[in-house]
Amino acid sequence: RIMTVGRPNKFNAESSHENAEIYRLYGTDSSLARNKDLVSKNMLKEFKNNFAFPLPSWTTRYCRAVFLTPQHIHLHPPKPPRAIFDARLRPTQDARSINMMTSTHEGSDLECLYGVVPSKIFQRIWNLRISYPLIDIILHANDVKSCFRQLKHHPDIVEAFSFVIFNHLWIQIGLAFGSDFSPANWEGVRRVIEQLAQGLFQDSSLREKHRQYLDKLQWDPSLDSSATKRFVPAFPDSQNQGVLDDDGVPVDTPHHVFVDDDIYADVYFRERVEQAVAASIEAMFITLGESDLTFRPDPISWDKLIDMTISHFNKVLGLEINTRKMDVGPPPEFVARTVQQLNAFHDGRKSFTVKEMSSLVGHLSHIATTSSWLRHILSHLYTSISSALKVNNAHEIQTNKAFRDAVRRVNDNDLLTADQQAWNAGVINRIVHRSRRTHFLNPTALEELRLIRLALSSCSLRTPIAHLVQRDATGKGYSDSSLDAAGGWSTDCKFWWYLEWSEEIRLSTLKFHKNNQDGKLISINVLEYASVIINYAAMSLYFLQNQDPANPFPVALLFADNVAAEIWTIKGCKRSLLGRALGRLLCALLINNPVGLSTARIDTHANVIADEISRLKKEKDSLNFFVSLVNSYPQLRGCRRFRPSPELLSAITETLLTKKLSDPLKLNSIVLNNPGSFTT
């Protein structure tokens, strides 16, 4: 139906003449006039590719179901400019955009699942390395050209997706970038391409059929080099058994399509790689039509297919992946652009706008997807944006009548429909976020920006794939904290630990403060977070002392019975000042640490051993207590006591008592090289 009838799945709508006039009179975005040559060139391309065709603008009045939607040009260097069909835009609160007339909200199309593709790619590479520890693994991709445009609107409704540019009415045949049903409509084709490409792998005739394309592929010369290559190992577990079936035969190469990019990884056997590429080409030809330039453009972007070198090191999904070192990281050019933005926030800078800071944080968040330690030093930037938005809101209320009117209409919600409320809320959000009002950069934010700038230039931004795949934890640790002490244990790493909180810390807990009105309360969430950090330090020390060449990047799974501590450990804390300060300490432990970190929730009633340890009130009773604990829980036999180093204890205590935001780069070498010791 997608390919033979037309899209969307369902479209039954009407628009009043007044609504249509609102959009006709609104016209197109001013970005088109500013980029006239670029727009003209783009529309000629659209016409040649049969994605749209023009009519004289006066024909608009004679089209039975025409609806004009504004267009704008999206400029996002270094990517090429793209024309956007602004199907969400509503000039007034009573306007109904074309996206409001679709049935997408009814769930009439497939759910988009391409967000899981990155994790599948990492999992595939990990399993390939398990089966082929001493052979190169290659990574390559095949790109669908203008993927949404390959699908066509149903002929009865093409007029509803029209627009006017430079005195011409353009009728869109292909689905638009901007229609809310385009991604969901493409999802079905995306899944079919994945399954077809893998299913066609056994068809050996495809290599000869597509030989004209395969002969143009570029291969990394180092793949055939006789020089010694070093491969970081991977090993099997219950979740990863390699890529060989029960008979020892490699499974057909799976394909993972991320929107329009068909990505595949395989062991370097040239015939096998060519077969995977040929299967990808054939799958796209079957679903989208074979190459026939007399009727339509090729569905495949041949330039991208050929220009992308088949190699162990490639850039996909905005990341650079190295299958020899088995690591992944942001491209240097992206980091350079981020550092360029950071340099604008020099030490002498006094102010910022929300738009500037939001753009910077967006770049840093992308880097943090693979460099998890960065999340723990972004907290104050998020706080700065949140505070600035509140100030912008108050400023606009005082100075902007249109803003006040929108706020008043939202508050009088009994008089508005849901669509009208949404429009006014959108107006409020746009004005607040686009405000040019500057905000003071306080010393804490400046220091955080300085730290990030230094970290991006001095720390490795590459992360082992071993830390990004779903696999069995190398070791499991459990921790808990009370208002008097904290404790933890791990039979995998053969340790237990106990830490009595100092008198100053105890006096700041809920035992002596009913609330945090004076700002001195140390909450149980913070103490639980500190216990997780100590547990991670203990496990890092164990793996440092017991290195396994077959598993150079172990993963520690930390169980906590406190939701806040669990979330802060992975995502970082954004609100609690103490939580953010402890996050700096965790950041120091994470930078350049080969031990990965993951967390899991454990019920309080199941966390009995850690709970009993944390209930011990005095250090002097710890030895006799542990003897009795071993009698109750024999699995603890042979465990040694972990004693945090004075430097680590000092950092935790100082943070809890002073809320000091320490420098994780300075702490890194101190606490990572000496997290503590094990004693019997």
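Just so you know, residue 1 is the first one in the sequence shown, and it goes up from there. Remember, predicted model here, so these are calculated numbers, not experimental data.
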Atom pairs and distances, side-chain donor-acceptor, residues 128-139, under 3.5 Å, sequence neighbours left out:
from: Arg129; atom 1: NH1; to: Tyr132; atom 2: O; distance (Å): 2.6
from: Arg129; atom 1: NH1; to: Ile135; atom 2: O; distance (Å): 2.8
from: Arg129; atom 1: NH2; to: Thr323; atom 2: O; distance (Å): 2.8
from: Ser131; atom 1: OG; to: Val243; atom 2: N; distance (Å): 2.8
from: Asp136; atom 1: OD1; to: Arg324; atom 2: NE; distance (Å): 2.8
from: Asp136; atom 1: OD2; to: Lys229; atom 2: NZ; distance (Å): 3.0
from: Asp136; atom 1: OD2; to: Arg324; atom 2: NH2; distance (Å): 2.9

Just distance, no hydrogens or angles: give the donor-acceptor pairs under 3.5 Å from side chains in residues 649-662, sequence neighbours left out.
from: Thr653; atom 1: OG1; to: Leu649; atom 2: O; distance (Å): 2.9
from: Thr655; atom 1: OG1; to: Ala651; atom 2: O; distance (Å): 2.7
from: Thr658; atom 1: OG1; to: Glu654; atom 2: O; distance (Å): 2.5
from: Thr658; atom 1: OG1; to: Lys660; atom 2: N; distance (Å): 3.3
from: Lys659; atom 1: NZ; to: Gly519; atom 2: O; distance (Å): 2.4

Check: residues 670-680 side-chain donor-acceptor pairs under 3.5 Å, at least two apart:
from: Asn673; atom 1: ND2; to: Ser669; atom 2: O; distance (Å): 2.8
from: Asn674; atom 1: ND2; to: Glu647; atom 2: OE1; distance (Å): 3.3
from: Thr679; atom 1: OG1; to: Arg643; atom 2: NE; distance (Å): 3.4

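Other residues, nucleotides and ligands contribute over 12 non-hydrogen atoms within 6.0 Å of the CD atom of Gln635. Residue-environment remark: NZ (Lys325) stays at or below the threshold of 12 foreign heavy atoms within 6.0 Å. In this structure, Phe122 places its CZ atom where more than 12 heavy-atom neighbours from other residues, nucleotides or ligands lie under 6.0 Å away.
Within the 4.5 Å cutoff, no side-chain heavy atoms of Val595 are placed close to those of Val555. Between Asp220 and Asn314 the shortest side-chain heavy-atom distance does not fall below 4.5 Å. Contact of the Val328 side chain with the Glu320 side chain is not registered, since no non-hydrogen atoms from C-beta on lie closer than 4.5 Å. Here the side chains of Leu648 and Ser645 are in contact, with some heavy-atom distance below 4.5 Å. Looking only at side-chain heavy atoms (C-beta outward), Ile613 and Phe625 come within less than 4.5 Å of each other. Counting heavy atoms from C-beta on, the side chains of Phe543 and Pro554 come closer than 4.5 Å. With a 4.5 Å cut-off on side-chain heavy atoms, Ile465 and Asn322 do not count as touching. Side-chain atoms of Val232 and Pro552, non-hydrogen and from C-beta on, do get closer than 4.5 Å to each other.
Side-chain atoms of Trp568 and Ser576 form no donor-acceptor pair, as typed in the model, at a separation below 3.5 Å. Side chains of Gln239 and Asp472: a donor on one and an acceptor on the other come within 3.5 Å. Trp373 and Asn593 share no donor-acceptor pair across their side chains, judged by distance under 3.5 Å alone. There is no side-chain donor-acceptor pair under 3.5 Å between Gln470 and Ser119.
For residues 482-493, the set of pairs meeting the side chain to side chain donor-acceptor pair (under 3.5 Å) definition, not counting sequence neighbours, comprises Asp484-Lys511.
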For this session: Could you check Tyr264 against His140 for ring-ring contact (aromatic ring centres under 6.0 Å, His included), going step by step and ending with a plain yes or no?
Result: CA-CA 6 Å; Tyr264 34 89; His140 197 245; 5.7 Å; yes
Exercise. Where do Met539 and Leu597 land on the side-chain contact (heavy atoms from CB on, under 4.5 Å) test, with the steps shown first?
Worked result: CA-CA 10 Å; Met539 298 185 79; Leu597 173 61; over 6 Å; no
Problem set entry | Worked check of salt bridge (charged side-chain N to carboxylate O under 4.0 Å, His left out) between Asp663 and Arg450 | CA-CA 10 Å; Asp663 185 337; Arg450 180 191 63 80; 3.8 Å; yes
Problem set entry | salt bridge (charged side-chain N to carboxylate O under 4.0 Å, His left out) assessment of Arg584 paired with Glu448 | CA-CA 10 Å; Arg584 293 282 190 93; Glu448 198 162 86; 3.6 Å; yes
For this session: Evaluate the criterion ring-ring contact (aromatic ring centres under 6.0 Å, His included) for residue pair Phe626 and Trp496; output intermediate values, then yes/no.
Result: CA-CA 9 Å; Phe626 183 68; Trp496 68 280; 4.2 Å; yes
Problem set entry | From CA spacing to verdict: side-chain contact (heavy atoms from CB on, under 4.5 Å), Asp261, Val257 | CA-CA 5 Å; Asp261 290 324; Val257 180; over 6 Å; no
Exercise. Between Asp561 and Asp603, does a side-chain contact (heavy atoms from CB on, under 4.5 Å) hold up when you go through it step by step?
Worked result: CA-CA 6 Å; Asp561 58 15; Asp603 186 80; over 6 Å; no
For this session: For Ile263 and His255, run side-chain contact (heavy atoms from CB on, under 4.5 Å): C-alpha distance rounded to whole Å, both residues' side-chain angles, the deciding distance at 0.1 Å, then the answer.
Result: CA-CA 6 Å; Ile263 305 167; His255 292 245; over 6 Å; no
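The structure places CD1 of Ile602 at 13.0 Å from CG of Asn562, a figure rounded to the nearest 0.5 Å. Atoms OG and NE2, on Ser372 and His467 in that order, are 9.0 Å from each other to the nearest 0.5 Å. One finds the CD1 atom of Ile567 at 10.0 Å from the CG atom of Asn525 (value rounded to the nearest 0.5 Å). Atom CG in Leu521 sits 6.0 Å away from atom OG in Ser523 (nearest 0.5 Å). Rounding to the nearest 0.5 Å gives a distance of 6.5 Å between CG of Leu456 and CG of Leu374. For the atom pair CE (Met326) and NE2 (His312), the distance works out to 12.5 Å, reported to the nearest 0.5 Å.
Residue Phe258 comes nearest to Leu317 through the heavy atom pair CG-CD2, 3.5 Å, listed as atom of the first residue, atom of the second, then distance. Between Tyr536 and Gly596, the shortest heavy-atom distance links the atoms CE1-O, 4.0 Å. The minimum heavy-atom distance linking Gly487 with Ser614 is given by the pair N-CB, 4.0 Å. Heavy atoms only, all atoms of each residue included: Tyr542 and Cys493 are closest at CD1-O, 3.1 Å. Across Gly583 and Tyr529, no two heavy atoms sit closer than the pair CA-OH, 3.5 Å. Closest approach of Leu113 to Glu187, counting heavy atoms only: N-OE2, 3.3 Å.
The ring pair (Phe, Tyr, Trp, His ring centres under 6.0 Å) test applied to Phe559 returns Tyr478, not counting sequence neighbours. Take His363 and apply the ring pair (Phe, Tyr, Trp, His ring centres under 6.0 Å) test, not counting sequence neighbours, and it matches Phe334.
Taking a cutoff of 4.0 Å between a charged side-chain nitrogen and a carboxylate oxygen, Asp252 and Arg272 do not qualify as a salt bridge. A salt bridge links Lys315 to Glu333: at least one charged side-chain nitrogen sits closer than 4.0 Å to a carboxylate oxygen.
Side-chain atoms of Ser225 never come within 3.5 Å of backbone atoms of Pro221 as a donor-acceptor pair (strictly under, hydrogens ignored). A donor-acceptor pair is defined here as one N or O able to donate and one able to accept, closer than 3.5 Å; such a pair exists between the side chain of Ser508 and the backbone of Glu504.
Here the rule is side-chain contact (heavy atoms from CB on, under 4.5 Å) with Glu612, and of Asn607, Leu629, Asp480 only Leu629 fits it.
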